[in-house]
Amino acid sequence: MSENTQTTHPLELTDVSFGYDPQGPLAVNHVSFTIQKGSFVAILGHNGSGKSTLAKLMNALYLPTEGQVLVCGMDTTDDDLLWDIRKRAGMVFQNPDNQIVATVVREDVAFGLENMGVPQPEMIPRIDAALKAVRMTDHAAAAPHMLSGGQKQRVAVAGVLAMEPEVMILDEVTAMLDPSGRAEVLSTVRKLNRDKGITVVWITHFMEEAAQADRVVVLSKGAVAMDGPPGEIFSQVEELQALGLDVPPMAALAGELRRAGLLLPQGILTVADMVKELKQTLCPSR
Ligand SMILES: Nc1ncnc2c1ncn2[C@@H]1O[C@H](COP(=O)(O)OP(=O)(O)OP(=O)(O)O)[C@@H](O)[C@H]1O
Ligand SMILES: [Mg+2]
């Protein structure tokens, strides 16, 4: 299956289950989905719904107790492919302080490359390009502990980026940041997806972040509860609320207005969408 990497998907999960305790409930329960190359997919779910477990199954940090995970066509249970799998599927975690290992930004970005045994002359342009892509070139010589949370997460993203992965899996990387840090990290990763075609799995519990994805997969109790474009997912207000999730305020308002008899289309997520659609519905001639 791994011979032709041109046609394989970055991630392919088939009936994947994982339990921490053989006697206990499954943390990931018969999950199947394929992530298309170049897509930006949000995984959304309540606390304990299995998001982090699923993330760790996606780059062989955990192995499925049942089913199969393929990373660029490579089975994560194949020990011989472990290195290649980790290179192709890079992970960024929630806490920026736990993933910065060096005392200088540039050295931190170099860390993964050194582990991979990339020769020095090749490392330099890769580090420079990664720092540039996350707009941290000016901080290359800085001490990471002097940076803001958002800047630290961008350094962590650069460390993964320098490995030239096919897919980046980011597990609640904005959870510990203030609103401006959150926006800066999301826009950096969105840009890497658009400009460099890197496939992104963006795990979050922030609706407004998921709303910016191409596709939203909603997890509940370890299983896929919904899967579709954000406009479709966020129009299912009651279903989301039943899963313990909020909907974006404008999507909730659109639902209320529809129930009150206003003919509004699906897919309203932002204030700008709402203004546009209300204008068209209420004053179509203007
Ligand atoms: N190391 C562990 N040992 C035992 N059970 C665990 C472990 N990690 C997670 N679990 C359990 O597995 C289930 C899924 O947890 P997981 O951390 O994957 O969910 P999550 O969606 O990432 O949650 P959160 O929103 O809190 O990050 C939960 O019931 C959790 O209690
Ligand atoms: Mg988690």
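Indexing begins at 1, ligand by ligand and atom by atom, following the structure's order.
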Residue and atom, protein N/O/S, under 2.8 Å of the Mg ion (ligand 2) |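 Per the 2.8 Å query on the Mg ion (ligand 2), atoms found are Ser52 OG.
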Can you tell me which residues line ligand 1 if we count any heavy atom under 4.0 angstrom from one of its atoms, in chain and number order?
-> Tyr20, Ala27, His46, Asn47, Gly48, Ser49, Gly50, Lys51, Ser52, Thr53, Glu172
Side-chain ([X]) to main-chain ([Y]) donor-acceptor, under 3.5 angstrom:
X: Glu208; Y: Leu269; value: no
X: Glu66; Y: His30; value: no
X: Asp108; Y: Val101; value: yes
X: Ser49; Y: Gly222; value: no
X: Thr204; Y: Phe206; value: yes

In terms of heavy-atom contacts, does CG of Leu282 have more than 12 from other residues, nucleotides or ligands at under 6.0 Å?
->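 Atom CG in Leu282 is crowded, with more than 12 foreign heavy atoms closer than 6.0 Å.
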Can we say Lys51 and Asp171 salt-bridge, meaning some charged N sits less than 4.0 Å from an Asp/Glu carboxylate O?
-> no
With Arg190, which residues qualify under side chain to side chain contact (heavy atoms under 4.5 Å, CB included), at least two apart?
-> Phe40, Asn193, Arg194, Asp214
Partners meeting side chain to side chain donor-acceptor pair (under 3.5 Å) with Ser235 (sequence neighbours left out) =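 Per chain and number, Ser235 pairs via side chain to side chain donor-acceptor pair (under 3.5 Å) with Gln266.
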